[in-house]
Engineer: 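One structure coming up, written as structure tokens, with questions to follow.
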There are 4 protein chains.
Amino acid sequence: MPSPAPTPRRVGRPRSAQADAAIMDATRAALVEVGWGKLTMGYVAARAGVAKTTLYRRWPNKGELVVHAVAALFDELELPDRGSLRGDIEGVVISFARMLQRPETNASLMAVVAESTHDPLLREHIREAIVDRQKHLVLQGRERAQARGELPPDAASSEENERLVDLIFDVIAGAVVHRTLVSAEPVDEQWAEAFTTLLLHGLVAASAPRGRGEGGSEGGYQDGSA
Amino acid sequence: MPSPAPTPRRVGRPRSAQADAAIMDATRAALVEVGWGKLTMGYVAARAGVAKTTLYRRWPNKGELVVHAVAALFDELELPDRGSLRGDIEGVVISFARMLQRPETNASLMAVVAESTHDPLLREHIREAIVDRQKHLVLQGRERAQARGELPPDAASSEENERLVDLIFDVIAGAVVHRTLVSAEPVDEQWAEAFTTLLLHGLVAASAPRGRGEGGSEGGYQDGSA
Amino acid sequence: MPSPAPTPRRVGRPRSAQADAAIMDATRAALVEVGWGKLTMGYVAARAGVAKTTLYRRWPNKGELVVHAVAALFDELELPDRGSLRGDIEGVVISFARMLQRPETNASLMAVVAESTHDPLLREHIREAIVDRQKHLVLQGRERAQARGELPPDAASSEENERLVDLIFDVIAGAVVHRTLVSAEPVDEQWAEAFTTLLLHGLVAASAPRGRGEGGSEGGYQDGSA
Amino acid sequence: MPSPAPTPRRVGRPRSAQADAAIMDATRAALVEVGWGKLTMGYVAARAGVAKTTLYRRWPNKGELVVHAVAALFDELELPDRGSLRGDIEGVVISFARMLQRPETNASLMAVVAESTHDPLLREHIREAIVDRQKHLVLQGRERAQARGELPPDAASSEENERLVDLIFDVIAGAVVHRTLVSAEPVDEQWAEAFTTLLLHGLVAASAPRGRGEGGSEGGYQDGSA
DNA sequence: CTCTAAGCGAGACGGTACGTCCCGTCTTCCT
DNA sequence: AGGAAGACGGGACGTACCGTCTCGCTTAGAG
């Protein structure tokens with residue numbers, strides 16, 4: 001996919017790539033310093049050594065600029081193969097948490113999400129730039145686990161499949177985000193292990209064929225010892 | 001400590017309780033209409049039929065006003081006894097989700113949380129007003145389940161106990177919030193059921209005595225059919 | 001004229017004379033400190049150790065309060081008989097200037113006059129409280145000079161008489177005020193003497209019967225030496 | 001000193017001269033309509049068809065704006081040569097009074113002066129913008145009269161000279177201002193003539209060599225008839 | 001010698017204007 | 001054409017006073 005864009009006009013002086021990078025850096029730095037609410041275009045521009053005009057030539061408003069700057073941070077999320085489902089989950093939990101604990105991400109993610117609650121375009125923007133990117137990791141991990149025989153293969157209905165992936169994604173991302181940003185407690189190895197244990201057992205049940213799942217409630221905690 | 005509650009000696013004209021209520025209502029209504037970002041003190045005041053100064057006499061700024069207005073919404077969260085752990089979990093998930101889906105909560109919660117990422121006082125405010133209030137529900141549900149024999153009694157170490165409650169809280173609240181606000185998908189009965197199933201199995205494992213928890217990873221999905 | 005007021009009601013607690021005095025003092029002190037523009041009722045009240053209500057119970061607004069406080073200062077103006085018209089003029093000039101140089105008067109007079117330029121009621125108030133009181137001194141001095149034979153007796157027309165008194169008053173008060181407040185130079189003995197000399201010669205001409213007055217322009221300065 | 005006046009290197013969008021003029025006009029109009037006390041920046045801005053910020057970009061506060069607007073009015077003061085000292089004095093008196101009677105000047109001058117009583121910078125501002133400009137007229141008139149032989153040439157001491165000019169200035173300006181603003185009576189031809197007569201005789205005496213001036217007090221009013 | 005109408009301190013109230021900050025747009029000149 | 005500089009129209013901010021309005025307490029004179 002080299003360049004489907006139909007020749008984007010090449011007249012006049014080209015945009016400075018240097019400016020671009022400086023702006024991204026300045027935006028992230030400013031987010032750390034003052035947060036979304038007090039972040040001003042003027043300050044970003046000044047810090048980047050650039051005129052305000054230059055910002056507006058690239059992004060239509062504050063929101064877009066910040067989302068753009070934040071989204072890039074999510075690119076580094078990866079899912080190294082640790083050989084087991086448990087290992088993979090713990091890995092992603094810890095690496096996701098590590099990212100969220102960096103102040104620029106911390107401050108930015110929630111700010112951007114909050115802004116999105118009454119801005120559908122921004123919400124779509126976030127979905128593309130952040131959510132889908134992360135969801136891909138869940139899929140990848142699941143496939144590996146299935147290959148290893150740790151999880152049953154895909155259900156018949158692809159719709160049901162997607163629902164399951166979405167659920168797992170919301171549980172993992174939700175728990176990590178909530179602990180980091182709302183409870184404001186660190187996601188350390190201990191927490192990651194406990195969470196993984198919880199998830200792992202749930203996963204097995206959730207992935208099992210329908211009609212069996214609700215067994216948990218009756219079985220009680222004596223279940224395992226039988 | 002000479003006087004236990006010495007009648008705070010109110011002098012001068014007392015604050016109007018009417019105004020207080022009108023402001024809270026106006027704030028929530030305004031949040032629905034325009035969202036956090038465009039909510040203005042002037043508009044809230046006008047809508048409440050009150051002078052802007054009256055707002056500032058009670059709350060030092062927009063943030064505090066909104067947190068206050070939003071926090072009250074969390075008071076209505078309850079945990080009706082549905083007779084089983086599964087029922088209780090589904091109940092709280094759905095009622096929490098229902099609350100989050102109401103536009104005023106939707107817009108406000110994240111906004112307020114986002115604001116808190118660089119405002120420790122606000123963060124403490126949130127913890128008191130919202131987080132602790134919710135955590136209480138988790139405790140309550142767990143006690144009921146223990147009484148019913150659905151979950152094992154408290155672990156020996158109270159520290160470990162607290163860790164577990166915190167974990168469960170982050171998982172429930174996180175998943176619901178994430179699905180509602182980030183994934184922007186509805187929390188319907190179907191999702192609540194699937195989530196509950198997942199959580200239920202995880203819960204049993206997580207609540208079990210240490211040293212057994214990690215069994216899940218090896219056992220695989222064939223576990224149940226053995 | 002002992003009390004034409006038809007018994008001004010004597011029920012209830014009478015107004016505190018102490019408060020009255022404290023308010024007047026506080027007002028004048030505040031005028032010195034911050035000037036009219038920044039003088040606030042709250043500050044005057046606080047400084048007088050009195051509630052704002054107490055101020056408004058006595059004067060309907062800031063303007064009236066200040067005029068009242070300032071007018072009292074003019075009461076002390078007197079015209080001691082120095083035995084000659086020249087002496088009397090120098091005396092009044094210096095004592096008037098001395099009053100104007102006191103910071104509370106300095107700041108207040110112009111402020112009040114300025115305020116009066118678009119407030120006819122206040123203007124009338126000033127005329128009664130300040131202007132007429134001063135004009136009386138001019139009349140008194142003139143009568144003494146006439147008695148001494150330094151000035152001709154009143155003209156036939158009383159209207160013309162009044163015009164003359166007004167003119168003299170405007171010249172004296174105007175010159176002193178202008179030097180003090182606009183030119184912002186001190187009215188010392190030297191200036192007072194020079195001004196008196198100027199006025200004295202003018203006075204003789206102005207007081208002379210009509211039809212002769214314009215002689216000055218032709219006569220030139222050689223006039224006296226002839 | 002490499003560059004004597006290096007072309008101040010104007011960068012960025014220049015200030016709109018149109019806006020400048022509109023603001024001055026609006027300020028003067030507003031002064032007439034509502035007076036100093038009720039003049040608001042918002043109203044001036046609206047009337048000028050300009051944003052409030054544009055006002056504050058040019059003047060730091062209401063006071064400076066108004067002084068600036070008013071000072072310009074004094075530019076039109078001139079001293080047309082009427083051929084005689086008497087004529088010149090009457091001319092300047094009447095044209096000065098005419099200016100003061102215009103409502104915008106009326107309201108503004110005193111307000112600005114009042115404000116200056118506790119603001120040394122403003123006072124200096126006024127001196128430069130208004131007082132010095134007027135004093136120049138006195139000098140000019142005196143020189144003409146000296147050339148015509150109506151007044152004696154400058155005294156030996158230049159210091160004494162300056163004192164005399166200042167005195168005359170305070171008398172003329174003071175009398176006109178006082179009559180207009182404090183006594184609140186019109187300066188008509190009749191008053192101007194009477195005042196001029198008074199001043200003219202005083203002038204001759206005051207301009208005469210020292211040691212003779214005080215003669216007036218003894219001579220009495222019979223002086224002229226001898 | 002009580003009763004009671006007014007005075008009083010305190011401070012909340014509805015308002016108006018302030019002067020500031022930032023937004024996103026627009027000129028102007030320079031590269 | 002891009003970019004730096006900065007003025008512009010606009011909107012909201014949070015503050016400061018205004019003059020009014022409860023409150024509950026105090027106080028002196030009328031009954």
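Keep in mind the model is a prediction, meaning the values are calculated, not measured. A note on names: the letters A, B, ... follow the listed sequences, proteins ahead of strands, and every chain is numbered from 1.
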Engineer: Within this structure, what is the CD-to-P distance between Gln18(B) and dC13(E), rounded to whole angstrom?
Structural biologist: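 Rounding to the nearest Å, CD of Gln18(B) and P of dC13(E) are 11 Å apart.
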
Engineer: Between residues 62-71 of chain A and DNA chain F, which residues have a heavy-atom gap below 4.0 Å?
Structural biologist: none

Engineer: So for Arg13(B) and dC13(E), does any side-chain atom that can act as donor or acceptor lie under 3.5 Å from a complementary atom in the base?
Structural biologist: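 Counting by modelled atom types and ignoring angles, no donor-acceptor contact under 3.5 Å is found here.
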
Engineer: Would you please name every residue forming a side-chain contact (heavy atoms from CB on, under 4.5 Å) with Ala26(A), sequence neighbours left out?
Structural biologist: Val44(A), Arg47(A), Ala48(A)

Engineer: Search all heavy atoms of Leu31(A) against all heavy atoms of Val66(A) and return the closest pair with its distance.
Structural biologist: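 The answer is CD1-CG1, 3.7 Å.
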
Engineer: What's the shortest heavy-atom distance between Leu39(A) and Thr27(A), and which atoms?
Structural biologist: CD1-O, 4.0 Å

Engineer: If you assign each of Ala19(A) and Gly12(B) to its closest nucleotide in DNA chain F, which residue comes earlier from the 5' end?
Structural biologist: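 The answer here is Ala19(A).
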
Engineer: Residues two or more places apart in sequence or in another chain: which of them pass salt bridge (charged side-chain N to carboxylate O under 4.0 Å, His left out) with Arg127(C)?
Structural biologist: Glu124(C)

Engineer: For residues 49-64 of chain B, which residue pairs qualify under salt bridge (charged side-chain N to carboxylate O under 4.0 Å, His left out), counting only residues two or more places apart or in two chains?
Structural biologist: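 Counting only pairs at least two positions apart or across chains, the salt bridge (charged side-chain N to carboxylate O under 4.0 Å, His left out) contacts touching residues 49-64 of chain B are Asp20(B)-Arg58(B).
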
Engineer: List the residues meeting side-chain contact (heavy atoms from CB on, under 4.5 Å) with Val67(D), not counting sequence neighbours, and say none if there are none.
Structural biologist: Val112(D), Leu122(D), His125(D)

Engineer: Could you work out, with side-chain contact (heavy atoms from CB on, under 4.5 Å) as the rule, every residue matching Ala51(B), not counting sequence neighbours?
Structural biologist: Thr53(B), Thr54(B)

Engineer: Which of residues 39-47 of chain C have a heavy atom under 4.0 Å from DNA chain F?
Structural biologist: Leu39(C), Thr40(C), Met41(C), Gly42(C)

Engineer: Could you note down all residue pairs passing ring pair (Phe, Tyr, Trp, His ring centres under 6.0 Å) where residues 10-31 of chain D supplies at least one of them, sequence neighbours left out?
Structural biologist: none

Engineer: Nearest whole angstrom, please: distance from the P of dC17(F) to the CG of Asn61(C).
Structural biologist: 18 Å

Engineer: Report the distance from atom CZ of Arg15(B) to atom P of dG14(E), rounded to the nearest whole Å.
Structural biologist: 12 Å

Engineer: Whole Å only: how far is the NZ atom of Lys38(C) from the P atom of dC18(F)?
Structural biologist: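 Answer to the nearest Å: 13 Å.
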
Engineer: Shortest non-hydrogen contact from Ala19(D) to Ser16(D)?
Structural biologist: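 Taking every non-hydrogen atom into account, N-OG, 2.8 Å.
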
Engineer: Give every residue pair that meets the ring pair (Phe, Tyr, Trp, His ring centres under 6.0 Å) criterion with at least one member in residues 37-65 of chain D, sequence neighbours excluded.
Structural biologist: Trp59(D)-His68(D)

Engineer: Heavy atoms only: give me the nearest Leu55(C)-Leu65(C) pair and the separation to one decimal.
Structural biologist: CD2-CD2, 4.2 Å

Engineer: What residues in residues 48-60 of chain D put a non-hydrogen atom under 4.0 Å from any atom of DNA chain E?
Structural biologist: Lys52(D), Thr53(D), Tyr56(D)

